[in-house]
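To find a chain, count down the sequence lines: A is the first, B the second, and so on, and within it residues start at 1. All values below were derived from every heavy atom in this structure, side-chain atoms included, with hydrogens, water molecules and symmetry-related copies excluded.
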There are 2 protein chains.
Amino acid sequence: MLRLSKLTDYAVVVLVQLARGGAVQTAPGIACATAVPEPTVAKVLKILAATGLVTSLRGARGGYRLARPLAALPVAEVIAAVDGPIALTACVDVSPVACEQQRSCPMSGRWLRVNEAIREALAGITLADMVGETGAEAARAAHPARLPQMTIEEAL
Amino acid sequence: MLRLSKLTDYAVVVLVQLARGGAVQTAPGIACATAVPEPTVAKVLKILAATGLVTSLRGARGGYRLARPLAALPVAEVIAAVDGPIALTACVDVSPVACEQQRSCPMSGRWLRVNEAIREALAGITLADMVGETGAEAARAAHPARLPQMTIEEAL
DNA sequence: ATATAAGAGGACCGGATAAGTCCTGATACT
DNA sequence: AGTATCAGGACTTATCCGGTCCTCTTATAT
């Protein structure tokens with residue numbers, strides 16, 4: 001399915017909310033504004049802070065703030081921050097011995113190119129791009145309520 | 001991680017082997033040639049046959065044959081055949097009600113564009129491309145033995 | 001006609017991995 | 001000093017994938 005984790009989805013939601021609010025916002029506040037469960041929001045924010053996509057302010061009146069504007073934030077970075085580096089797990093945890101037995105492992109390094117293509121595609125889209133697109137679509141659905149999985153069916 | 005399933009990896013190996021052998025090959029034969037466990041090869045072949053990427057011949061002296069040359073087989077199709085349509089599972093099994101509660105779901109349809117970008121990237125690479133690349137790399141590693149996960153580290 | 005080789009199609013079990021929750025500690029504002 | 005907030009980890013649960021096996025159908029060969 002080539003799917004990315006739900007956490008990544010949440011991360012985008014959270015980041016967009018941060019951009020919308022503008023100033024410093026607390027985790028509970030963002031949870032309230034986005035309907036994402038609060039512990040999950042906190043988790044996501046910690047991860048994003050650890051990777052530098054948001055900056056944190058501790059103490060009373062603390063919270064989180066975007067480190068960069070959405071326009072300077074490629075999706076690839078968000079995915080990499082939450083799910084780890086973008087990689088199509090090919091050839092992992094396979095003992096080299098098992099491979100040498102064959103005349104020539106027909107897979108060595110094959111996926112690098114594919115991986116690179118995906119990486120570039122994701123690097124070229126910023127969160128601002130994603131937000132902009134929905135604005136255009138808002139016309140055909142007043143209260144959109146996440147598209148069920150029309151996305152999936154029409155994907156390919 | 002944006003990872004694709006191991007089955008997809010196997011599918012590519014199997015398809016390449018099919019192309020290499022040329023004629024009709026049986027599942028056990030391919031398993032033997034690729035070191036992929038036989039039941040798994042059989043499973044992959046069934047899936048590929050069901051989606052028309054390979055054609056099957058039943059009965060004694062039966063086996064599998066490539067339906068198309070590798071050059072006409074984009075990676076996207078293989079992935080779609082094995083893992084299902086390419087989709088970044090966003091907005092799945094979330095009750096619409098929970099979403100309407102919010103002022104406006106900031107996620108509706110957001111991932112479509114990203115999804116499309118990936119789809120295009122994968123549609124542009126054929127299995128022949130993947131095979132060709134490795135041929136070029138064969139020089140720097142005599143018996144390659146699948147690159148561990150250098151792939152992952154360097155990915156982003 | 002019968003035996004045999006091969007694929008078709010499903011059911012099943014086990015293991016890995018993500019999702020989500022909670023707890024404890026550190027820090028800074030009031 | 002007190003309180004609000006983030007930091008960081010541990011833990012539980014659930015889901016999904018990987019892998020195996022069994023049975024049925026089909027077609028060739030003897």
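- One can place CG of L7(A) at 11 Å from P of dT21(C), the figure rounded to the nearest angstrom.
- With Q25(B) as the partner, the side-chain contact (heavy atoms from CB on, under 4.5 Å) test is satisfied by one option alone out of V54(B), L45(B), V14(B), L18(B): L18(B).
- Summarising the geometry, the separation between CG on L48(A) and C1' on dG8(D) is reported as 15 Å, rounded to the nearest angstrom.
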Report the C-alpha separation of R119(A) and E116(A) in whole Å, then their side-chain angles, then the decisive distance to 0.1 Å, and conclude whether the side chain to side chain contact (heavy atoms under 4.5 Å, CB included) test is met. CA-CA 5 Å; R119(A) 203 192 60 73; E116(A) 186 64 15; 3.1 Å; yes
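- Distance, R65(B) CZ to dA6(C) C1': 15 Å, rounded to whole Å.
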For side chain to side chain contact (heavy atoms under 4.5 Å, CB included), just list the numbers for T8(B) and V44(B), CA-CA rounded to whole Å, side-chain angles, deciding distance to a tenth of an Å, and then say yes or no. CA-CA 8 Å; T8(B) 307; V44(B) 169; over 6 Å; no
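- Looking at E38(A), its side chain never comes within 3.5 Å of a backbone N or O of P28(A) through a donor-acceptor pair.
- Nearest nucleotide to the S5(B) side chain, out of dC6(D), dA18(C), dG18(D): dG18(D).
- Distance CG (L57(B)) to P (dA6(C)): 12 Å, rounded to an integer number of Å.
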Would you mind building the protein contact string for nucleotides 21-30 of chain D? One character per nucleotide, 5' to 3', B for base within reach (heavy atoms under 4.0 Å), S for sugar-phosphate only, - for untouched. ----BBBBS-
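- If you measure from atom NZ of K6(A) to atom C1' of dG20(C), you get 10 Å, rounded to the nearest angstrom.
- Atom NZ in K43(A) sits about 22 Å away from atom P in dT5(D), given to the nearest Å.
- Contact between T51(B) and L48(B) at its shortest, heavy atoms only, is OG1-O, 3.2 Å.
- Within the nucleic acid shown, A27(B) comes within 4.0 Å of sugar-phosphate atoms alone, with no base atom in reach, counting heavy atoms only.
- The closest side-chain heavy-atom distance from D83(A) to V78(A) is not below 4.5 Å.
- Heavy-atom nearest nucleotides on DNA chain C were determined for A50(B) and for E38(A), and the one closer to the 5' end corresponds to A50(B).
- Distances shorter than 4.0 Å separate none of the side-chain N or O atoms of Y10(A) from OP1 or OP2 on dA18(C).
- OP1 and OP2 of dG18(D) both lie 4.0 Å or more from every side-chain N or O belonging to T40(B).
- Within the 4.0 Å cut-off from OP1 or OP2 of dA5(C), not a single side-chain nitrogen or oxygen of T26(B) is found.
- Straight-line distance from the CD1 atom of I30(B) to the C1' atom of dG7(C): 12 Å, rounded to whole Å.
- No engagement by L45(B) is indicated, since no non-hydrogen atom pair under 4.0 Å with the nucleic acid exists.
- A close approach under 4.0 Å does occur between a side-chain nitrogen or oxygen of R3(B) and OP1 or OP2 of dA18(C).
- Annotation: side chain of W111(A) is in contact with side chain of V12(B) (closest heavy-atom distance under 4.5 Å).
- Distance CG (L4(B)) to C1' (dC16(D)): 16 Å, rounded to an integer number of Å.
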